[in-house]
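The next block holds one structure in the form of structure tokens; read it before the comments.
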There are 2 protein chains.
Amino acid sequence: MTELAELNYAQRERLAFIDFCLQFIGQLARADLVNHFKTGLASCSRDLTLYKELAPNNMTLKHETKQYYRTNEFQPVFEHNPEAILGSLCRGFGDGISQGINPSEKCIDATRLIHPDSDVIATLMRAINNRHAISCDYISLTSGESSREIIPHAIANNGQRWHVRAFDKKSKEFRDFVCTRLQNVTEIQKPIATMQAGEYDKQWHNIISIDLAVHPTVKHPKAIELDFGMSGGILHLEVREALLGYLMRQWNVDCSSNAMLTGGEHHLWLKNIVELGGLSCLKIAPGYKESE
Amino acid sequence: MTELAELNYAQRERLAFIDFCLQFIGQLARADLVNHFKTGLASCSRDLTLYKELAPNNMTLKHETKQYYRTNEFQPVFEHNPEAILGSLCRGFGDGISQGINPSEKCIDATRLIHPDSDVIATLMRAINNRHAISCDYISLTSGESSREIIPHAIANNGQRWHVRAFDKKSKEFRDFVCTRLQNVTEIQKPIATMQAGEYDKQWHNIISIDLAVHPTVKHPKAIELDFGMSGGILHLEVREALLGYLMRQWNVDCSSNAMLTGGEHHLWLKNIVELGGLSCLKIAPGYKESE
DNA sequence: ATAGATCAAATCAAAATGATATCATCTAAA
DNA sequence: TTTAGATGATATCATTTTGATTTGATCTAT
């Protein structure tokens, strides 16, 4: 009996592809494998035979259409990560290499309007890994353009934009910089000062426990419980302090102390806001009042 | 001279991995390849030699650290899609198969709080491909729980949730259903009526041209122009009518006729709102007034 | 009935891979 | 300073995987 673990990387990939197509498309022909992996026809037959050996009841060949079909007894051989599945469906699989783009008409991801430059990302990531500073020109929404030296230690998406978390030499504190607003980014090839390293970014490393509850104005709370996979109407999360405000804004979480926001767009309420005490990061959160 | 196109899928994948590591991490050791592809050490040496042949100036071996380093003359051999890059960095590459999860500390994607069940997605996708209806129990925010038969034709992410676009037999029109609010989903194995097919979903197929402009209240418009890659302060988009409202809400686009919203959270304004005429899909858009 | 498409299975040659041994280079500990 | 240990390169050979080709089966469409 063949075991999955015995197989090499390429073979497992092809079997995973078969598994995926059956589960999420329902059918599969040899030509699909040839197209995707640029492999020979004979290989496809072999792979299909191998898959049948691993999961005899997962598919049947219909000669009418010359395709394999998923059976009702289908049991996935591979665990497919839900987020990754949706990504693959949207992109039309890509080829695993350059993520080829055959965007699907049937699975459409949210429109991303902000696309960081990949050279900027590359330079940032290398600086992060090398523990180096970068010099750049930054355009702030409040103060406009200026040259900066910053020491980045992480990149994060706040739901809309990609930010880089970095020590800012100008203000001498850790801050967020929007990746698309960085220009002329250059890695500075020398060691950084100790206190500028990511380890000293308190707000980044401080993990905050929050309880999100269904907002009391919601008429059918079960819908929201299902959305967020809540048990007992509560979603418990552990969040970096530096990212908490963004999260609240992204999910439109009512951060008033008594869930007093109305308007219908708030599905969630930050239940333990009072216990958390004052947090400057919540300034941007819906309904948050600082002086309480 | 070896050409990229001559190589097989597995080899190209490994070379792409080398290329990616150099560009986005800056360094690479044989062990990284062994870990990722579960390959033999000798193979790694072969792959590295092959990569050197393809791009002689992209990396140098430093014996001090026994690693290869990206040179300043680096020219990527593969085109890496920006969105895919960030995904790979966040997930710690995965293994291309089950998208193995070694979440990175240095690259953090936005927190997804809503995770559609992969069996639901699978059933929906198969029904879409097979042009079949499904039966399910749906919990609506406004009207609560009910059994439905719907004919799905696409899945879309509206920035927060995954929706399925489907003909609803109950209301006899095309509507959006939140994937996480579907329960007991079953494919109905029989042909659908003509008018229920996706081709007849007018709002889905109607493509609307919109012009987004930097909101007049923004102090440093260049920051926003950079974010959205605008030329001349305008971002032109073609959007499905069915998704337009979500897009406006996702990006907080001021949809009032004269960009009258204040508050600082609006970076964009829908400049050609007047030309568009009344659109019911904009009901949920910030600042939209129906009777004008 | 027949041509055409697609699948399966078998065979053989070519290519890729894994295992192993030997050597080189550099670091870090003795 | 010397030496052990880690990691890299390279070469060789056996094994495995893959590609190409042929033959045969099944079904559709004409």
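Letters A, B, ... are given to chains in the order of the sequence lines, protein chains preceding strands, and every chain is numbered from 1.
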Rounded to whole Å, the CG-C1' distance (B:Asp47 to D:dT7) equals 17 Å
From CG of A:Leu28 across to P of C:dT6 the rounded distance in Å is 14 Å
Practice task
Indicate whether any N or O donor in one side chain lies under 3.5 Å from an N or O acceptor in the other, for A:Asn129 and B:Gln27.
Solution key: no
Hits for ring-ring contact (aromatic ring centres under 6.0 Å, His included) against B:Phe167, two or more places apart or cross-chain, chain-then-number order -> B:Phe174
Contacts satisfying salt bridge (Lys or Arg N to Asp or Glu O under 4.0 Å) that involve residues 23-41 of chain A (not counting sequence neighbours) are none
Could you pull out the protein-nucleic contacts involving nucleotides 14-16 of chain C (nitrogen or oxygen on both sides, under 3.5 Å)?
residue, atom, partner, partner atom, Å
C:dA16, OP1, B:Gln11, OE1, 3.3

Rounded to whole Å, CG of B:Leu33 lies from P of C:dG18 at a distance of 12 Å
side-chain hydrogen bond (donor to acceptor under 3.5 Å, both in side chains) filter on B:Tyr138, not counting sequence neighbours, yields none
Hits for ring-ring contact (aromatic ring centres under 6.0 Å, His included) against B:His163, two or more places apart or cross-chain, chain-then-number order -> B:Tyr246
The correct set of residues in residues 68-75 of chain B placing a heavy atom under 4.0 Å from DNA chain C is none
Those residues at least two apart in sequence (or on a different chain) that pass side-chain contact (heavy atoms from CB on, under 4.5 Å) with A:Ala197 are A:Arg131, A:Ile192, A:Glu199, A:Tyr200
Here the distance between atom C1' of C:dC7 and atom CE of A:Met59, to the nearest Å, is 11 Å
Hits for side-chain contact (heavy atoms from CB on, under 4.5 Å) against A:Gln203, two or more places apart or cross-chain, chain-then-number order -> A:Arg165, A:Asp201, A:Glu241, A:Ala242, A:Ser280
- What does B:Ser43 touch in the nucleic acid at a heavy-atom separation under 4.0 angstrom: a base, only the sugar-phosphate, or nothing? sugar-phosphate
Hits for side-chain hydrogen bond (donor to acceptor under 3.5 Å, both in side chains) against A:Arg175, two or more places apart or cross-chain, chain-then-number order -> A:Ser171, A:Glu173
- [ ] Look at the side-chain N and O atoms of B:Arg30 and state whether any lies under 4.0 Å from the OP1 or OP2 oxygen of D:dT7.
- [x] no
Legend entry - C:dG18 phosphate, OP1 or OP2, under 4.0 Å from B:Thr39 side-chain N/O: yes
note: A:Gln27, atom CD; C:dT6, atom P; distance rounded to Å ~ 14 Å
Letter by letter from the 5' end, nucleotides 19-30 of chain C scores (B base, S sugar-phosphate only, - none; protein heavy atoms under 4.0 Å) BB----SSS---
Rounded to whole Å, OH of A:Tyr51 lies from P of C:dC7 at a distance of 17 Å
In whole angstroms, the gap separating P of C:dT6 from CG of A:Asp32 amounts to 11 Å
Those residues at least two apart in sequence (or on a different chain) that pass side-chain hydrogen bond (donor to acceptor under 3.5 Å, both in side chains) with B:Lys66 are none
Nearest heavy-atom approach of A:Leu22 to B:Arg126 is O-CD, 3.8 Å
From NZ of B:Lys52 across to P of D:dG8 the rounded distance in Å is 11 Å
For B:Thr60, the side-chain hydrogen bond (donor to acceptor under 3.5 Å, both in side chains) test, sequence neighbours excluded, returns none
